[in-house]
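Small disclaimer: the values here were computed from a predicted structure and weren't measured. Atoms considered below: every heavy atom in the structure, side chains included; atoms not considered: hydrogens, waters and symmetry mates. Order of appearance sets the numbers: ligands from 1, and atoms from 1 within every ligand.
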Amino acid sequence: MPISIIIGAQWGDEGKGRVVDWLASSADIVARYAGGDNAGHTIALDGEVYKLHLLPSGVLHDQVVSVMGNGMVINPVNLVREIKALRNMGIAISPRNLIISSRAHIITPAHIALDSAKESALGAAKIGTTLRGIGPAYLDKSGRAGIRTGDMLLDVEVFAERLIRAIEAANAVLRQQGGEALDARAAAMSYLEAAEFLRGFIQDASIYLHKALNNGARVVCEGAQGTLLDIDHGSYPFVTSSSPTAGGALTGLGVGPLTVDRVLGVAKAFSTRVGGGPMPTELAGEVANRLRGSGDNFWDEFGTTTGRPRRCGWLDGVMLRYATMINGFSELMLTKLDILSGFDELKLATAYEIDGVRSEHPPVTNAQLERATAIYETLPGWTEDISSCRTFAALPAAARQYIQRIAALCEAPINMVSVGPERDQLVRR
Ligand code: IMP
């Protein structure tokens with residue numbers, strides 16, 4: 001069975017892009033299924049650093065067709081900008097190797113304005129969104145008021161009219177919230193050029209995938225965000241508005257579950273989170289600063305999309321075990337293990353204490369999660385630089401012990417570990 005689903009097992013930013021990039025070398029199709037340009041995938045290749053927000057990481061491989069699935073929300077202007085930027089770096093992108101589902105939803109300028117207005121209105125209780133209009137776009141989708149990518153195939157005047165009507169409807173809400181209304185006509189016009197550019201890329205991606213699967217294609221489904229930001233399974237309301245989990249891959253592409261034979265959970269060797277919401281293993285001070293890095297390197301813990309410093313802490317094994325359960329990971333991969341080199345000892349949260357009671361699972365409410373104290377197991381650290389290790393046997397014994405403990409806790413094998421940002425800095429079993 002030909003589909004592998006790659007999923008973030010934490011709060012996003014686990015390094016999925018480079019895993020997908022690596023798996024893409026033996027794939028025919030790489031397909032994104034959820035989210036929009038709230039995502040930021042950074043890939044280092046031959047001395048160049050590529051930052052992708054909307055395009056699947058497969059675009060960097062000549063033999064791969066990249067698919068943007070119906071579960072995504074797409075800002076056409078930003079997509080065109082990203083395509084042109086990559087073309088300028090010598091990456092060929094055409095309707096031959098990029099397919100955009102006609103059923104994805106469009107992020108309009110109104111969605112972006114509404115995202116900001118809503119966050120401002122929430123004040124200290126804000127979600128900390130990426131301000132890319134993601135939530136309002138999904139709200140229109142489920143409210144059956146959205147505009148879809150397929151609508152860009154309409155007569156240009158009909159498409160413009162739809163955009164203007166949608167922006168005017170949003171203006172009423174913006175005014176109510178004390179925000180500034182948009183010039184609907186000017187905002188709509190800014191989308192027409194992008195629509196024209198993208199027209200040739202749009203088709204029914206599910207039908208394309210079915211035909212390809214029947215012809216034996218191997219497909220990698222590229223998750224964005226992470227399980228703990230899932231609209232159903234994350235710490236609601238501090239979540240994104242889509243399903244970045246295994247189920248989301250199926251609905252977000254229109255493929256059936258029996259086509260999937262691998263569900264790979266990608267987890268960083270420690271925890272990070274960006275935006276608001278509970279994070280039981282969050283640290284302040286020296287350890288957090290070491291985990292975060294200075295910001296001088298692209299792999300340091302600062303948001304690819306927003307530049308915000310990420311909140312950092314020890315690995316939360318309770319959440320990772322939960323993510324394994326929600327997605328049914330057939331295996332886990334650990335990234336950034338090299339960042340843990342040099343710590344005398346490492347801590348791994350294996351349970352929480354909430355109001356004096358020990359719990360092995362995340363609690364039901366956010367209020368309880370806010371009160372959760374992590375119960376840690378302490379493991380020995382290692383001093384060696386592991387960035388040139390390529391086999392498990394070459395890793396220090398303490399690093400192997402750390403990996404084994406996480407695998408046992410989550411009851412999922414760990415067969416891959418990354419030890420640096422470059423494509424080849426992978427330890428494989
Ligand atoms: P939104 O997806 O922009 O609505 O943001 C909702 C929450 O998800 C915020 O806490 C964001 O910081 C977080 N988020 C969204 N996309 C990503 C991502 O790609 N990596 C990490 N966090 C993200």
Side-chain angles (χ1 to χ4, degrees), residues 6-20 32-43 51-57 71-75 78 82 105 107-108 111-122 124-142 222-245 248 252 266-268 270-279 282 292 298-313 316 319 323 335-336 366 369-370:
I6 316 305
I7 290 176
Q10 295 159 313
W11 282 284
D13 310 316
E14 298 90 352
K16 299 173 289 295
R18 59 178 307 241
V19 180
V20 172
R32 255 194 76 178
Y33 56 86
D37 56 345
N38 48 350
H41 290 167
T42 308
I43 298 160
K51 291 194 174 187
L52 306 175
H53 295 284
L54 277 161
L55 290 167
S57 305
M72 291 187 72
V73 283
I74 297 174
N75 179 322
N78 290 350
E82 197 167 313
H105 277 248
I107 295 184
T108 69
H111 292 141
I112 296 169
L114 287 168
D115 200 354
S116 287
K118 195 164 175 223
E119 283 286 88
S120 304
L122 283 170
K126 71 178 182 180
I127 311 283
T129 75
T130 57
L131 301 178
R132 295 295 188 273
I134 305 294
Y138 278 116
L139 189 62
D140 269 350
K141 173 179 175 174
S142 39
E222 175 174 12
Q225 289 78 49
T227 302
L228 306 176
L229 291 171
D230 184 277
I231 183 92
D232 289 284
H233 303 291
S235 48
Y236 190 90
F238 297 99
V239 293
T240 190
S241 297
S242 66
S243 302
T245 36
V266 183
K268 220 175 272 185
F270 48 97
S271 297
T272 66
R273 178 166 199 174
V274 60
M279 180 181 175
E282 182 174 13
R292 185 177 300 113
F298 74 82
W299 59 86
D300 289 341
E301 297 297 345
F302 292 80
T304 311
T305 302
T306 58
R308 291 179 289 182
R310 296 180 187 139
R311 301 155 67 191
C312 294
D316 189 334
M319 287 294 181
T335 58
K336 294 190 82 168
N366 246 355
L369 189 56
E370 293 281 8

Under a 4.0 angstrom heavy-atom cut-off, which atoms of ligand 1 come close to Gly128? 9 (C), 10 (O), 11 (C), 12 (O)
Which residue in the set Ile74, Ile134, Asp140 passes side-chain contact (heavy atoms from CB on, under 4.5 Å) when paired with Ile107? Ile134
among protein heavy atoms, the one nearest atom 18 (C) of ligand 1 is Asn38 O, 3.8 Å
Which heavy atom of the protein is the closest neighbour of atom 6 (C) of ligand 1, given with residue, atom name and distance? Val239 O, 3.4 Å
Is a donor from one side chain sitting under 3.5 angstrom from an acceptor on the other, for Asp37 and Asn78? yes
Checking a contact table here: which protein heavy atom is nearest atom 3 (O) of ligand 1, and how many Å away? Thr130 OG1, 2.6 Å
Going by distance only, is there an N or O of Ser241 that falls short of 3.5 Å from an N or O of ligand 1? no
Is the closest heavy atom of Phe238 to ligand 1 under 4.0 Å? no
Assess Gln225 for proximity to ligand 1: is some non-hydrogen atom of it under 4.0 Å away? yes
Return yes if a side-chain donor-acceptor contact under 3.5 Å exists between Asp230 and Thr245, otherwise no. yes
Number the atoms of ligand 1 from 1 as they appear, then name those within less than 4.0 Å of a heavy atom of Ile127, with their elements. 10 (O)
Point-to-point distance, once rounded to the nearest 0.5 Å, from OG1 of Thr272 to CE of Met279: 6.5 Å
What protein heavy atom sits nearest atom 13 (C) of ligand 1, and how far away is it? Leu229 CD1, 3.8 Å
Below the 3.5 angstrom mark, is there an N/O of Thr240, backbone or side chain, next to an N/O of ligand 1? yes
Measure the distances from the heavy atoms of Arg308 to every atom of ligand 1 and state whether one is below 4.0 angstrom. yes
For Thr240 and Gln225, test the side chains for any donor-to-acceptor distance below 3.5 angstrom and give the result as yes or no. no
Heavy-atom contacts with Trp11 under 4.0 Å: which atoms of ligand 1 show up? List them by number with element. 21 (C), 22 (N)
Leu228 CG to Glu14 CD distance, which is reported to the nearest 0.5 Å: 8.0 Å
NZ/Lys118 to OG1/Thr129 distance, rounded to the nearest 0.5 angstrom? 9.5 Å
Rounded to the nearest 0.5 Å, what's the gap from NE2 on His53 to CD on Glu82? Could you check? 6.0 Å
Which residue holds the protein heavy atom closest to atom 20 (N) of ligand 1, what is that atom called, and what is the gap in Å? Asp13 OD1, 3.0 Å
Identify the closest protein heavy atom to atom 5 (O) of ligand 1: which residue and atom is it, and at what distance? Thr129 CA, 3.4 Å
To the nearest 0.5 Å, what is the distance between CE on Met72 and OH on Tyr138? 7.5 Å
So which heavy atom in the protein is nearest atom 22 (N) of ligand 1, and how far is it from that ligand atom? Val274 CG1, 3.3 Å
Is there a heavy atom in Ala39 that sits closer than 4.0 Å to ligand 1? yes
Using the side chain to side chain donor-acceptor pair (under 3.5 Å) definition, which of the options Arg308, Arg310, Arg292 pairs with Glu301? Arg310
